[in-house]
K.L.:
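Below you will find the structure I want to go over with you.
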Amino acid sequence: MENFSGKAIFRGIAIGTIMFYTKNQQQVRRTKIDNPEAEISRFQEAKGKASRELGQLYDKALKEVGEDNASIFQVHSMMLEDDDFNDAVIDKIKNQHVNAEYAVAKTGDALSEMFANMEDEYFRARATDMKDISERVIAKLAGEEGEVHLKEPSIIVAEDLAPSETIQLDKNMLLAFVTKLGSSNSHTAILARSMNMPALIGVKIDKGWNGKLGIVDGYNGELIIEPDENTLCKYKKMQKNELEKRELLKELKGKDTVTRSGRRVRLYANIGKPADLTGVMENDAEGIGLFRSEFLYLGSNKFPTEEEQFEAYRKVAETMAGKKVIIRTLDIGADKQVDYFNLGHEENPAMGYRAIRICLSQQEIFKTQLRALLRASAFGNISIMYPMIISVGEVVQIKEIVKGVMEELEAEGIDFNKNIEQGIMIETPAAVLISDELAGEVDFFSIGTNDLTQYMLAVDRQNPKLESIIDTHHPAVLLAIKMVIENAHKKGIWAGICGELGADISLTETFLSFGIDELSVSPTFVLPVRKAIRDCE
Ligand code: PEP
Ligand code: MG
């Protein structure tokens with residue numbers, strides 16, 4: 001087994017036989033001709049054939065990879081008709097009395113070199129196109145037809161691949177591309193992406209690989225030749241998972257999150273920073289159920305300003321365009337330490353000075369965040385959520401502070417949502433046991449099973465030695481979840497889960513039987529959970 005690295009231009013896994021592709025390059029010789037007019041006719045005829053072939057390639061590409069990607073063949077047709085190219089070829093035949101093949105090859109090389117030396121990356125990538133065009137005309141002069149046949153599904157390994165070569169390969173037989181040359185901006189790379197083909201460039205290729213078994217790992221930019229049994233097994237599994245995921249994506253995007261009997265569950269995503277929004281969109285989450293606002297504090301060496309926070313919250317709210325965005329207020333402390341907070345050493349940080357406890361004792365920090373959140377609420381559908389609650393008193397105090405901040409904003413004439421939804425995380429046993437009372441004070445509950453499990457079971461979630469005893473399915477945890485949902489419903493508010501357990505599809509049916517209203521999971525779990533819900537009665 002040997003590993004080679006390259007630059008991945010499309011993610012994915014391919015396993016199959018390697019076909020080393022060598023161009024049918026003509027050995028172009030210079031010969032002296034006596035009849036330049038006849039030679040020019042030969043050139044025109046070959047050019048006509050090349051042009052017709054480009055038309056056919058355009059039609060094939062249009063069907064297979066869409067108009068944008070097919071347009072490269074229109075560009076080739078135009079380059080083929082370009083005066084600089086044609087005049088240079090004809091001039092060489094006429095004045096140097098050389099054969100058409102030689103005139104085309106020399107002209108193609110010169111123009112290709114000119115492109116290769118250009119500053120602009122787009123034009124540099126056209127160097128390969130120019131070579132492709134001249135080789136096509138030379139092939140026609142030699143009477144060649146340009147089909148490439150693959151007998152079995154193959155990983156194509158080549159020095160370089162021109163767009164026309166890429167598109168001529170039978171898509172059903174093609175598993176991946178690996179090339180030594182090429183750039184991620186080249187059309188071949190663009191075509192590979194649009195064909196959903198794993199592809200690597202910049203790999204030190206070897207002719208001796210022809211016919212051998214290979215694995216293309218488009219995630220890590222690796223080519224593995226003759227993998228051992230373990231590696232093959234690992235990649236087969238990865239490929240299976242990938243296929244399953246892709247199928248899910250295809251099937252479930254845009255579909256409702258609803259059980260067979262018609263019960264709807266809101267399926268949201270958890271994010272930690274605005275950049276995670278791409279994953280939210282790609283996986284079709286219906287909203288954001290937990291935006292951990294700590295990133296603003298952790299990624300800084302000073303307290304983030306109201307303006308910085310406002311911009312981040314507004315961006316998320318605007319991107320979600322009216323869909324719900326639940327932003328959790330600062331949950332610093334315990335495992336999330338920030339120097340400038342000067343939290344100091346604690347014997348039991350998980351049960352220490354953290355989250356809402358800090359916000360209620362250092363109210364300026366809290367008020368700055370609340371002002372930013374409320375201001376951003378004028379730009380989308382924002383809700384606020386408070387972490388680590390253990391008493392009704394805390395909630396009453398929070399609501400007082402929020403009221404004060406709202407009055408301030410109103411006095412300043414700043415717009416915000418006066419009816420903004422406010423909810424709490426249920427992640428302490430105390431909050432579970434008094435959830436009937438708490439439900440009367442807030443608009444929703446979101447169960448933080450990560451912390452709830454550690455506090456219910458008295459098992460530190462950070463301690464790797466306890467990995468085997470942290471039983472997330474513990475009956476006490478499940479009972480707590482059931483109780484919280486029931487108490488929420490008794491007071492007419494909704495309850496969801498935003499801890500990792502929400503994505504555990506072996507429990508989806510149980511959560512539904514408890515009456516769960518919402519699940520908020522990591523973006524990559526949105527579609528698997530949607531499937532699990534749709535499979536339930
Ligand atoms: C939780 O505790 O379940 C939770 C979602 O919050 P975090 O993981 O950020 O503590
Ligand atoms: Mg938590």
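Side chains included, hydrogens not; waters and symmetry mates left out as well; all remaining heavy atoms used. For ligands, and for the atoms within them, numbers begin at 1 and follow the listed sequence. Please read these numbers as outputs of a predicted model, since none were measured by experiment.
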K.L.:
What residue and atom, counting heavy atoms only, is the protein's closest point to atom 6 (O) of ligand 1, and at what distance?
P.N.:
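Scanning the protein heavy atoms, the shortest distance from atom 6 (O) of ligand 1 goes to Arg328 NH1, 2.9 Å.
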K.L.:
Does a sphere of radius 6.0 Å around NZ in Lys531 hold more than 12 heavy atoms from other residues, nucleotides or ligands, not counting ones at 6.0 Å or beyond?
P.N.:
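Counting neighbours around NZ of Lys531, 12 or fewer heavy atoms of other residues, nucleotides or ligands fall under 6.0 Å, so no.
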K.L.:
Has Glu229 got more than 12 heavy atoms of other residues, nucleotides or ligands less than 6.0 Å from its CD?
P.N.:
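No - once you tally the heavy atoms of other residues, nucleotides and ligands closer than 6.0 Å, there are 12 at most.
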K.L.:
Test of geometry: compute the angle OE1(Glu427)-the Mg ion (ligand 2)-OD2(Asp451) and round it to 10°.
P.N.:
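It rounds to 100°.
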K.L.:
Counting heavy atoms not belonging to Lys302, are there more than 12 under 6.0 Å from its NZ?
P.N.:
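Result for NZ/Lys302: enclosed.
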K.L.:
Please report whether ligand 1 has a polar contact with Leu452, defined as an N or O pair separated by less than 3.5 Å (distance criterion only).
P.N.:
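Not met; the criterion fails.
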K.L.:
Looking at ligand 1, does Glu500 have a heavy atom less than 4.0 Å from it?
P.N.:
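The answer is no, since Glu500 has no heavy atom less than 4.0 Å from ligand 1.
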K.L.:
Is there a polar contact, in the sense of an N or O pair closer than 3.5 Å, between Glu294 and ligand 1?
P.N.:
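Min N/O separation from ligand 1 is not below 3.5 Å for Glu294.
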K.L.:
From the options Met388, Met425, Arg461, select the one whose nearest heavy atom is closest to atom 4 (C) of ligand 1.
P.N.:
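Minimum heavy-atom distance to atom 4 (C) of ligand 1 goes to Met425.
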K.L.:
Name the residue from Asp517, Ile516, Ile485 that meets the side-chain contact (heavy atoms from CB on, under 4.5 Å) definition with Phe511.
P.N.:
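For Phe511, the side-chain contact (heavy atoms from CB on, under 4.5 Å) test succeeds with only one of Asp517, Ile516, Ile485, which is Ile516.
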K.L.:
Would you kindly specify which portion of Ile447 sits under 4.0 Å from ligand 1, judged on non-hydrogen atoms: side chain, backbone, both or neither?
P.N.:
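Near ligand 1, Ile447 shows nothing, with every heavy atom at 4.0 Å or more.
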K.L.:
Output the list of atoms in ligand 1 that are nearer than 4.0 Å to some heavy atom of Gly499, sorted by atom number.
P.N.:
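Checking each atom against Gly499, I get 3 (O), 5 (C).
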K.L.:
Tell me whether the centres of the aromatic rings in Phe310 and Phe379 are closer together than 6.0 Å.
P.N.:
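Yes, close enough.
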K.L.:
Counting only heavy atoms not in Gln239, do more than 12 sit closer than 6.0 Å to its CD atom?
P.N.:
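Atom CD in Gln239 is crowded, with more than 12 foreign heavy atoms closer than 6.0 Å.
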K.L.:
Which of the atoms in ligand 1, numbered in the order shown and given with their element, are less than 4.0 Å from a heavy-atom of Leu290?
P.N.:
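By the 4.0 Å cutoff, the relevant atoms are 5 (C).
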K.L.:
Would you mind telling me which of Leu267, Asn270, Ile447 makes a side-chain contact (heavy atoms from CB on, under 4.5 Å) with Ser520?
P.N.:
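For Ser520, the side-chain contact (heavy atoms from CB on, under 4.5 Å) check succeeds only for Asn270.
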K.L.:
Would you mind checking which non-hydrogen protein atom is closest to atom 9 (O) of ligand 1, with the distance to 0.1 Å?
P.N.:
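Atom 9 (O) of ligand 1 sits closest to the protein heavy atom Arg292 NE, 2.7 Å.
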